[in-house]
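First comes the structure, then the notes that go with it.
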Protein chains: 2
Amino acid sequence: MNIKIDRNGVITIAKQLFNFFSDRILSGLIKDGEQLPSIRSLSKELNVSPMTIIKVYNELEENGLAITIQGKGTYVNQRNNIEKLNNLSKQNDFQWQMAIPDYLSRSQFKYSSNLTYANDCRNLSIASLSYKLLPTATILKDSLSLSQNNLKFLAQYPPVQGDYEFRGVLSEYLKSKEIITTAENILITTGSQQGISIISSTFIGPGDIVVMETPTYPGAIDLFKSRGAVILTVPVDNEGMRTDILMNLCDNYSPKIIYTMPNFHNPTGYSMSLKRKRELLDIAKYNNSIIVEDDPWSEISYKKEKVRSIKSIDTDGHVIYIKGLSKILGPAYRLAAIVAEGSILSRLITAKANHDLGTSMLSQKTILDFIQSNKVTYYIENLNKELLKRRNRVINLLKNYAPSGTKWTIPEGGINIWITLPESFNVEKLLYHSITTKNISFLPGTVCYPNEVEFNHLRICFTYLEEDLENTIIELCKLMKLLNTTENSSDYIPII
Amino acid sequence: MNIKIDRNGVITIAKQLFNFFSDRILSGLIKDGEQLPSIRSLSKELNVSPMTIIKVYNELEENGLAITIQGKGTYVNQRNNIEKLNNLSKQNDFQWQMAIPDYLSRSQFKYSSNLTYANDCRNLSIASLSYKLLPTATILKDSLSLSQNNLKFLAQYPPVQGDYEFRGVLSEYLKSKEIITTAENILITTGSQQGISIISSTFIGPGDIVVMETPTYPGAIDLFKSRGAVILTVPVDNEGMRTDILMNLCDNYSPKIIYTMPNFHNPTGYSMSLKRKRELLDIAKYNNSIIVEDDPWSEISYKKEKVRSIKSIDTDGHVIYIKGLSKILGPAYRLAAIVAEGSILSRLITAKANHDLGTSMLSQKTILDFIQSNKVTYYIENLNKELLKRRNRVINLLKNYAPSGTKWTIPEGGINIWITLPESFNVEKLLYHSITTKNISFLPGTVCYPNEVEFNHLRICFTYLEEDLENTIIELCKLMKLLNTTENSSDYIPII
């Protein structure tokens, strides 16, 4: 547009521009419905502050000569023909957003949301108890949390650290695991995932070293990577994390955090021997490392002997213990408890405040009574009997139907089986086919490796799917056989 | 304290300091119960690392000469209060933790936990409705969420994005605010705080520019700072954020996020004019900035005209809108809704998965019915009538009792009043005295400034305290008068 501006004149630039446009609109030189130049382009063209252009266009609007449609621009609008102009704003365009960088690293969820959780498939992927196994009805029926005398609690901000009564109940509950602690040393989080999230955002930054088992829990990998951690991996065998390898690694590197799932490790189901737990603790002390002990499983045990946590032998606050409650009581409440001491605890509480100011008081008060009662003990006893049967049924199916050369763990606790196929096998391909042709999902082992990925493992959960578990396993095994013979390892779909 | 340190001597500085203090404590020069200098001030004064001071104080504790009270400081403790010292010896086992650096920035909570939320004080600090004003009983009584047909939902992981039914109900609810959206464009978060947390961890990293109003919501300052953001501030007046200043600022800087609370801004209570909202949106478009519109208050309005959000005039996904539900329905459920579009939304959903895998399904299902029913409308109508009365009562008290030269906002919505005292006044000092002598807490304005701090403002909430609101205000005013005359601005307690 050929606009002459007198910068030395008495008339403000804004007024000059307003006159320019209003003259031409009223005289019809600029037609009704015609778009006026964008603020950006006009301010560049005339070397005038965009603020001035905005002022001018607002004035035109106020005088009924133009109308601005956010995201579209300003249009001549003599006859205030709103309807026609509204149509201009119909088709939305979010392209500009692509120019905005983010700090997201790999996310297992991003991947899962595309495939694993797709609609209501036959789900062997989610590591959870089925709704039929969970005590949801009892918890809700018996809960006193909704009684009048609790209304006050339910109308206030929860304490950042968590409901004091609930923390007290949990400290009692943890005694059964030989973890001696008090309400003061417990921090309630919105599930284990948030526990790990709070720990990583508090202690991990770019270049910090985190040691993880490989394979390990994908959600933890995502979090540490999103903080820019350097992840070093230590393999697991049937005695858990290879502490000998960790020890050598610590000759050259000083880990800030050692993340471990010692009991019924996810995804393999292995448990760390007490000997290795002691070694791990010694290594952590020697290197001033924090051990993050993620323990969602220890209640779900098919062994005679009690499961011992690393926390129970920790005397000087080297272990941050995370007791997830989702696996045993249900994931809908989003509850977990962190046990920690000293300044590590107080710093985690501060981080918790930043994250969400506290966890749902409704959730805390609702499951409090169930944990306090002896019902939880009976429930877990019976649960484990039932789960052991299921585990054995599924193991037998694998024996009968899995392709030759397939191996699997026989977990002594937890609800997952880790299946290892011949090295040339590609589970990404299997997943693609199982979902598209059989509507069966599982967790591809590929998402469980922080660094070097292996493609021939998968994790199946034997407690989430109720109807049709047997058939699903059998059909999956048949698909494995099919793809095992026709395997072509070159055409896998990389996911990271 | 006049301490001479010999930096070339054979005795370590720590030892010299220990001797200095132990001599004077044992000789009674420093009296029992007397507070020792803060670690920060002493390390500044002597130009000695804080770690050294901490070591010295710990040694004094180990020798039964001092005792540290978390969040208060270190005190002379000759009389060997065994019980306390036993607790300390426990803490001393955790000294190794002090060597572990963290990534926590300033935290309003850390500060608040020491003073503001201390025990059950007469609380003018928490910005919340009292339990008597909230519809908690109705929500819980009428909730169908605990019925058998929902057990399945309550036994599963919530969808990361939030319960679909709940999101649908919220999209309907938001229509009343002229925000046209669908369940697909809503993300449920564990309160507004987590909404901001997810946004900052997704889009903000070291050196990224965030524009904030000054003063503003302290919890947001903490989050952006913890991500290493460069925070630029724009003042607010009674028309909200000064867009003209923002405009000039954008000539030299390109903000990635512009965080604003346009309606009944926290802490001032001001609202942004529609004209400025349009300008802000234009500025954001011009600079490819994301506007984060934090809207916990818009329902609580004492004005005739409808409150218009920036989101309602956003057509191309420049605004991330956060609708916190804590202020109107109660903070115990920890629920908020984000409205966003395009890849910004999908990236936030991914971040949400990393943060906690989803928000409590129990909370979502519990308040769903109340929002769906017309009860929420009646409730808010009556609520606002009641709150207006309270606001006026408190304003009158301020008129009658506040010291001369005191100013305050008369909010047309929200539940906070922003009080401004003479420039020489120090609210940190006021807070210390009001808590220690009157057991009254309020929010010191000092925590609301991202950069340059002003010491003569405070925020009081007139809806949280039920019993004794009038007396509390009067006593606080009297204390203001007292300190206003005896003010000495030099001896404030810095908190950041």
Side-chain angles (χ1 to χ4, degrees), chain A residues 39-40 50-51 54 70-71 89 92-94 96-97 99 102-104 107 109-110 131 134 136-137 140 146 151-152 154-158 160 190-191 193-194 197 202-203 205 222-223 226 288 316-317 330-334 341-344 347 350-351 353-357 360-363 366, chain B residues 91 93-94 96-99 102-104 107 109-110 131 134 136-137 140 146 151-152 154-155 157-158 160 190-191 193-194 197 202-203 205 222-223 226 247 279 281-282 286 288 313-317 330-334 341-344 347 350-351 353-357 360-363 366:
Chain A
I39 290 154
R40 182 194 261 109
M51 204 59 203
I54 291 167
Q70 295 301 330
S89 67
N92 286 337
D93 173 22
F94 308 130
W96 69 273
Q97 294 183 350
D102 61 52
Y103 294 89
L104 297 171
S107 167
F109 165 77
K110 215 180 229 163
Y131 68 98
L134 285 166
T136 315
L140 296 176
L146 312 182
L151 282 189
K152 195 165 178 176
L154 293 171
Q156 293 174 333
Y157 277 93
V160 168
T190 309
Q193 182 72 21
Q194 191 192 46
S197 174
T202 304
F203 292 111
D222 298 341
L223 282 166
S226 72
N288 256 16
D316 60 358
Y333 315 101
R334 311 305 305 121
E341 297 79 16
S343 74
I344 284 182
R347 287 184 274 184
T350 301
N354 289 349
H355 272 243
D356 65 7
L357 291 177
S360 167
M361 190 60 126
L362 186 65
S363 290
T366 300
Chain B
Q91 285 177 17
D93 299 342
F94 308 134
W96 69 272
Q97 295 181 350
M98 304 300 287
D102 60 53
Y103 293 89
L104 297 172
S107 167
F109 165 76
K110 213 181 230 165
Y131 67 100
L134 286 165
T136 314
L140 297 176
L146 311 182
L151 283 189
K152 196 165 178 176
L154 293 171
Y157 276 93
V160 168
T190 309
Q193 181 72 22
Q194 191 192 47
S197 174
T202 303
F203 292 111
D222 298 342
L223 282 167
S226 73
M247 192 68 234
E279 287 168 359
L281 200 50
D282 287 329
Y286 184 78
N288 257 14
I313 54 173
D314 170 38
T315 57
D316 61 356
Y333 315 101
R334 312 302 307 117
E341 298 80 17
S343 74
I344 283 182
R347 288 184 274 183
T350 302
N354 290 349
H355 271 243
D356 64 7
L357 290 176
S360 167
M361 191 60 126
L362 186 65
S363 290
T366 299

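What you are looking at is a predicted structure, and each value in this text was computed from that prediction instead of being measured.
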Can you check whether [Y]'s main-chain N or O pairs, donor with acceptor, with [X]'s side chain at less than 3.5 Å?
{"X": "A:Gln193", "Y": "B:Asn354", "answer": "yes"}
{"X": "A:Gln156", "Y": "B:Tyr131", "answer": "no"}
{"X": "B:Gln194", "Y": "A:His355", "answer": "no"}
{"X": "B:Gln97", "Y": "A:Gly317", "answer": "yes"}
{"X": "A:Arg334", "Y": "B:Asp356", "answer": "yes"}

For a quick test of reading the model, state the closest non-hydrogen atom pair linking [X] to [Y] and the distance between them.
{"X": "A:Tyr333", "Y": "B:Leu362", "result": "CD2-CD2, 4.0 Å"}
{"X": "B:Tyr286", "Y": "A:Arg40", "result": "O-NH2, 2.9 Å"}
{"X": "A:Pro158", "Y": "B:Pro331", "result": "CD-O, 3.8 Å"}
{"X": "B:Tyr103", "Y": "A:Phe203", "result": "CE1-O, 3.3 Å"}

Checklist line | For chain A, the option from B:Asp282, B:Leu134, B:Leu223 that forms the most heavy-atom pairs under 4.5 Å | finding: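 Option with the top pair count is B:Asp282.
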Margin query: Under 4.5 Å from any heavy atom of chain A, what part of B:Ile313 do you find: side chain, backbone, both or neither?
Written below: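 Looking at B:Ile313, backbone and side chain both touch chain A.
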Notebook entry, point to check: Given that the side chain runs from C-beta out, which part of A:Ile344 has a heavy atom under 4.5 Å from chain B: side chain, backbone, both or neither?
Noted result: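 For A:Ile344, the contact with chain B is made by backbone and side chain together.
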Note to self: Side chains of B:Thr190 and A:Thr190: any donor to acceptor distance under 3.5 Å?
What the structure shows: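 No pair is found: no donor N or O on one side chain lies under 3.5 Å from an acceptor on the other.
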Using a cut-off of under 4.5 Å on heavy-atom pairs, state which of [options] scores highest against chain B.
{"options": "A:Gly191, A:Ser197, A:Gly205", "value": "A:Gly205"}
{"options": "A:Ser363, A:Ser226, A:Ser360", "value": "A:Ser360"}
{"options": "A:Ala351, A:Ser343, A:Gly330", "value": "A:Ser343"}

Check: With a 4.5 Å heavy-atom cut-off, do B:Trp96 and A:Asn288 have their side chains touching?
Finding: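 B:Trp96 reaches A:Asn288 side chain to side chain.
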Check: Where do A:Asp222 and B:Thr350 land on the side chain to side chain contact (heavy atoms under 4.5 Å, CB included) test, with the steps shown first?
Finding: CA-CA 10 Å; A:Asp222 298 341; B:Thr350 302; over 6 Å; no
Notebook entry, point to check: Quick one: CG on A:Leu104 to CZ on B:Arg347, what's the gap to the nearest 0.5 Å?
Noted result: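 A:Leu104 atom CG to B:Arg347 atom CZ measures 7.5 Å (nearest 0.5 Å).
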